[in-house]
Every structure is written in C-alpha cells, then in structure tokens.
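Numbering starts at 1 and runs along the sequence shown.
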Amino acid sequence: MSITISSPLPDCMERARHLYIESFPPEERRPWQQIAKPADGTGPQMLMIADSAGEFAGFITTWHFPAFTYVEHFAIEPERRGTGIGGEAIAQLVSRENLPVVLEVERPDPQLPLTERRIRFYARHGFKILPYNYIQPPYSRELPEVPLMLMSTSSSLDPEEVSRTLHREVYGVGRF
C-alpha cells in the first residue's frame, strides 16, 4: 500500500474537521481551532494521510516532547477502514520518529468490541500497554475526565512521567 503523510492541505481541512467530530466523542476532543491553527509551535501538529492517488484518507495529530512523540488523535475515513491505510500510516509515523511513540486508548470493554479491536491494532504495530492507571483530564470544565490506557512503542518509558507530561503540556493541568 502506498500512502503519504504530509502537512495539511487547505482543501482537506473541512473533511478532516468532519472526520474529527465523527470519530471522537466530545470528551475526547479539543476545540477544532486549536488543531487547525495552534496558537504556537508547541500545540498539536496535524498531519494528513493521503492514498496513492493523493486523496484524503485521514489524519494524525502529534505532539513532540524530549522523551517521546504523542499521538493525540488518529482517524481514517470510515469507508477506508480495514483497507490497510491506517496500519501503513501508523507504521510510517513510528518509523520516521526517532523517539518512542505514545498514545491513549480506551480500556477494554466487552460491551464495546471496538475498544479491544483498537488495542489489538496498535499491538500489531509494536505498541505495548504501559502499566499505569491513566486518566485523561477533561479538555474543558464542563466535560468529564476519561479513564484510558497508555500504549507506547517502548516499554522502558516511565508511565508516570508520560502522564505528567501529557497532563501539563497537552491538557494544561498539573498533577491530576
């Protein structure tokens, strides 16, 4: 499969926004404007995923820290899921980073098979669950915190330090 990961193209931003809203519940979304136009260089970096014909297929948002790269959001167009595009995108991202890659996943829930499917997807691409009771802070005061798990391409990362970094830099809170 041949895909490209690149900076966002202006004509794809509306499709990316729609996919973002469709793919993530409100408690797992930051305001779109913070993704589309981060206030400074420390905010999330959006990367577009395009298929071999150059057509929009999805996006990834990342944050770069000294010890790891964090994937905040990753979504593939619904009609393209299961085609290998997502696997190729995550493999390309991991191979181009010089640091471990970290992401959050929902805790497994037998009532929601997609939660276990996502964990298996990332595990197939070299991610391991970090042993830590992780809570995603709310993006805003009116939203709830979300119990999640951390996965990483390196099991040598200190999950408590990863959590502190994410809480401080991504969510703007101190110790949670």
Side-chain angles (χ1 to χ4, degrees), residues 1-9 12-13 16-17 19-20 23-24 28-50 56-76 81 84-107 115 118-139 146-176:
M1 169 144 315
S2 175
I3 64 155
T4 57
I5 298 176
S6 65
S7 297
L9 302 171
C12 293
M13 290 303 283
R17 186 188 71 76
L19 178 59
Y20 178 67
S23 299
F24 299 95
E28 294 180 25
R29 291 192 313 242
R30 70 176 49 254
W32 174 250
Q33 199 61 18
Q34 291 177 13
I35 293 172
K37 296 182 182 174
D40 58 33
T42 63
Q45 175 189 10
M46 176 175 264
L47 301 169
M48 293 290 178
I49 302 164
F56 175 81
F59 68 87
I60 303 173
T61 60
T62 61
W63 294 69
H64 297 276
F65 301 112
F68 63 92
T69 296
Y70 167 63
V71 173
E72 184 175 22
H73 295 99
F74 172 46
I76 299 296
R81 293 176 189 158
I85 288 176
E88 179 62 26
I90 204 74
Q92 278 190 32
L93 178 73
V94 167
S95 72
R96 70 191 232 177
E97 296 297 323
N98 293 324
L99 297 169
V101 177
V102 172
L103 48 81
E104 302 161 333
V105 293
E106 295 103 337
R107 294 180 182 171
T115 59
R118 282 188 188 115
I119 292 167
R120 287 192 307 270
F121 169 82
Y122 290 118
R124 281 194 310 273
H125 294 283
F127 286 80
K128 296 158 195 65
I129 294 171
L130 297 179
Y132 188 73
N133 188 22
Y134 180 75
I135 301 291
Q136 176 200 290
Y139 279 105
V146 183
L148 297 172
M149 295 188 317
L150 295 171
M151 293 186 80
S152 174
T153 56
S154 171
S155 56
S156 67
L157 286 174
D158 176 358
E160 192 168 322
E161 183 57 35
V162 169
S163 177
R164 277 195 298 271
T165 300
L166 295 179
H167 286 189
R168 182 182 60 248
E169 302 297 330
V170 175
Y171 299 101
V173 297
R175 224 182 146 100
F176 203 79

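- Atom OG of Ser23 sits about 9.5 Å away from atom CZ of Arg29, to the nearest 0.5 Å.
- Using modelled atom types, one side-chain atom of Thr153 and one backbone atom of Val101 make a donor-acceptor pair closer than 3.5 Å.
- Here the shortest heavy-atom pairing between Ile5 and Leu93 reads CD1-N, 4.2 Å.
- For the residue pair Phe56 and Ala16, the shortest heavy atom distance occurs at CZ-CA, 3.7 Å.
- To the nearest 0.5 Å, the span separating NZ on Lys37 from CE on Met13 amounts to 8.0 Å.
- Between the NE2 atom in His64 and the CD atom in Glu169 there is a gap of 14.0 Å [rounded to 0.5 Å].
- Put simply, the residue from Val105, Leu130, Val102 that forms a side-chain contact (heavy atoms from CB on, under 4.5 Å) with Met151 is Val105.
- With hydrogens and angles ignored, the 3.5 Å screen pairs a side-chain donor or acceptor of Arg107 with a backbone N or O of Leu148.
- Summarising the geometry, atom CG belonging to Leu47 is positioned 11.0 Å from atom CD belonging to Gln92; distances are rounded to the nearest 0.5 Å.
- What you find for Leu150 and Pro159 is that their closest heavy atoms are CD1-O, 4.1 Å.
- Relative orientation of the Phe127 and Tyr122 rings is perpendicular, given thresholds of 30° and 60° on the angle between their planes.
- Between Glu72 and Val170 the shortest heavy-atom distance is OE2-CG1, 3.7 Å.
- Taking every heavy atom of both residues into account, Tyr134 and His167 meet most closely at CE1-NE2, 3.6 Å.
- When all heavy atoms are compared, the tightest approach of Leu9 to Met48 is N-CG, 4.0 Å.
- Residues Thr165 and Trp63 form no side-chain contact, since every pair of their non-hydrogen atoms from C-beta on lies 4.5 Å or further apart.
- Residues Thr62 and Glu97 have side chains not in contact (no heavy-atom distance under 4.5 Å, counting atoms from C-beta outward).
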(message) Working note: Val146 + Glu104, criterion side chain to side chain contact (heavy atoms under 4.5 Å, CB included); need CA distance, chi angles, decisive distance, verdict.
(response) CA-CA 10 Å; Val146 183; Glu104 302 161 333; over 6 Å; no

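- The CZ atom of Arg124 lies 12.0 Å from the CD1 atom of Ile90; values are rounded to the nearest 0.5 Å.
- Using the six-membered ring where Trp is involved, Phe24 and Tyr20 have ring planes that are tilted, between 30° and 60° apart.
- Looking only at side-chain heavy atoms (C-beta outward), Ile49 and Phe74 come within less than 4.5 Å of each other.
- Rounded to the nearest 0.5 Å, atoms CZ (Arg30) and NE2 (His73) are 7.0 Å apart.
- Phe68 places none of its side-chain heavy atoms less than 4.5 Å from the side chain of Ser152.
- A donor-acceptor pair under 3.5 Å links the side-chain atoms of Lys128 to the main chain of Gly126, judged by distance alone.
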